[in-house]
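Presented below is the structure to which this report refers.
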Protein chains: 2
Amino acid sequence: MCYYMNELRKHIEELISLSDAEFVSVSSYFTMKQYKKDEFLIRQQEKVPYTYFVVSGLLKLTYTDASGKEHILSFAMEDWWETDYLAFNSGTMATMSLICLENTKVLCLTLKDYKALCAAFPKMEHFFLQKAVNGHIASQQRILSLLSSNAADRYAKLLKRYPSLLQRVSKSQLAAYLGVSRETLSRLYQ
Amino acid sequence: MCYYMNELRKHIEELISLSDAEFVSVSSYFTMKQYKKDEFLIRQQEKVPYTYFVVSGLLKLTYTDASGKEHILSFAMEDWWETDYLAFNSGTMATMSLICLENTKVLCLTLKDYKALCAAFPKMEHFFLQKAVNGHIASQQRILSLLSSNAADRYAKLLKRYPSLLQRVSKSQLAAYLGVSRETLSRLYQ
């Protein structure tokens with residue numbers, strides 16, 4: 001309990017400050033869960049009850065196409081928020097899955113509680129606005145990279161931004177994130 | 001003046017309501033500008049002073065790579081907000097350009113005024129959070145589409161979502177958005 005909440009508080013207080021009493025109230029909106037490696041938090045074609053804050057561990061947000069080929073939208077590690085945002089916000093079925101690459105601890109927030117939290121604490125609305133803007137910036141950069149860069153550039157950028165990822169993720173997972181074949185990625189490793 | 005502000009008010013009031021007095025105050029943060037077709041609102045390698053709300057017209061957010069090849073991240077039409085979000089929020093130089101495809105009227109907001117507006121009107125912070133979440137959803141869908149769909153699927157989805165675009169944008173611009181060659185796109189038109 002303490003560990004989860006300490007991590008959440010440190011994370012929120014990077015952007016806004018909260019009194020002890022405020023944080024007790026804020027934390028009451030969240031539910032703790034832990035998952036083993038390979039477990040699903042979100043499954044394609046099912047409902048998405050939560051948005052997740054990663055306390056420890058590593059997740060992949062992934063899409064498996066009709067031919068069974070996997071495409072990885074993002075890796076979510078400590079201090080990341082992740083979900084299938086379209087399904088979470090609109091109540092439609094997930095088009096992506098969210099799966100543990102390591103044993104993972106998360107804090108979960110339902111859409112109803114997310115809205116209630118923002119209504120009760122305008123500071124939290126400000127916090128989520130910053131996070132949403134940062135998420136939008138990261139997505140815009142990733143679109144730019146997918147449209148314009150070759151695989152070698154994308155690989156170099158990824159390692160520069162997340163140097164620890166190479167130790168935590170298999171080469172086939174990296175290839176599915178970069179949008180290249182396993183063989184192309186192997187050549188980049190040389 | 002009236003036209004710009006009526007459009008802004010209709011747009012904001014899709015998500016929140018404002019009294020006449022509140023709207024007069026909100027609108028005072030914005031500056032009106034109009035541009036001719038082919039003019040630049042943002043230029044790669046220059047500062048990004050504003051985020052833009054499109055009142056009428058059509059913009060493209062675009063990146064020209066070292067070889068001179070153009071890649072289009074998005075088309076921004078009526079009721080869209082667009083900018084180079086990384087450069088706007090961090091004060092760094094633009095990595096993309098924002099260019100008029102038609103004569104275009106916009107309302108401009110500086111980062112300082114955006115922050116002041118959110119601080120003065122928590123309702124506007126709520127409004128911008130919704131817009132940022134919607135932008136993040138749209139980006140997540142576009143990443144998914146770039147990773148997993150073929151050109152024909154991407155073309156079909158684009159036309160379903162923005163049926164008017166085909167009349168407003170040249171085939172070479174559509175190809176630069178879809179990430180395919182002009183020749184591949186021509187085959188899809190058959």
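Computed from a predicted structure; not experimentally measured. Reminder, nothing fancy here: chain letters follow the sequence lines and each chain counts from 1.
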**OP:** Identify the two heavy atoms, one from B:L129 and one from A:Y114, that lie closest to each other, and give their separation to 0.1 Å.
**Re:**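 Where B:L129 meets A:Y114 most closely, the heavy atoms are CD2-OH, 3.5 Å.
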
Original post:
So which heavy atom on B:A176 is nearest to which on A:L147, and how close?
Top reply: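 Taking B:A176 first and A:L147 second, the nearest heavy atoms are O-CD2, 4.3 Å.
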
Name the region of [X], side chain, backbone, both or neither, that has any atom closer than 4.5 Å to a heavy atom of chain A.
{"X": "B:Q141", "value": "side chain"}
{"X": "B:L146", "value": "side chain"}
{"X": "B:Y177", "value": "backbone"}
{"X": "B:L61", "value": "side chain"}

Hey, could you give me the [atom1]/[atom2] distance between [X] and [Y], rounded to the nearest 0.5 Å?
{"X": "B:I137", "Y": "A:H136", "atom1": "CD1", "atom2": "NE2", "value": "11.5 Å"}
{"X": "A:I143", "Y": "B:H71", "atom1": "CD1", "atom2": "NE2", "value": "14.0 Å"}
{"X": "A:Q130", "Y": "B:E125", "atom1": "CD", "atom2": "CD", "value": "7.5 Å"}
{"X": "B:L144", "Y": "A:T62", "atom1": "CG", "atom2": "OG1", "value": "9.5 Å"}

Hphob cluster co-occupancy, [X] + [Y], side-chain heavy atoms under 4.5 angstrom:
{"X": "B:I99", "Y": "B:L86", "answer": "no"}
{"X": "A:V26", "Y": "A:V24", "answer": "no"}
{"X": "B:V54", "Y": "B:Y3", "answer": "yes"}
{"X": "B:L159", "Y": "B:Y162", "answer": "yes"}
{"X": "A:Y52", "Y": "A:M93", "answer": "no"}

Subject >> chain B contacts, top residue of A:N134, A:L178, A:N89, A:D65 (heavy-atom pairs, under 4.5 Å) >> reply: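 Highest number of heavy-atom pairs under 4.5 Å: A:N89.
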
Subject >> Closest-packed option against chain B by number of heavy-atom pairs under 4.5 Å, given A:E70, A:K69, A:M96, A:K131 >> reply: A:M96

Original post:
Would you say A:Q140's side chain and B:Y85's backbone share a donor-acceptor pair under 3.5 angstrom?
Top reply: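 Checking the backbone N and O of B:Y85 against the side chain of A:Q140, a donor-acceptor pair under 3.5 Å is found.
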
Show the atom names and distances, to 0.1 Å, of all donor-acceptor pairs under 3.5 Å that link a side chain in residues 31-45 of chain A to residues at least two apart or in another chain.
from	atom 1	to	atom 2	distance (Å)
A:E39	OE1	A:K36	N	2.6
A:Q44	OE1	A:T64	N	2.8
A:Q44	NE2	A:T64	O	3.3

Original post:
Given a strict heavy-atom distance threshold of 4.5 Å, which part of A:S67 is in contact with chain B: side chain, backbone, both, or neither?
Top reply: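 Neither part.
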
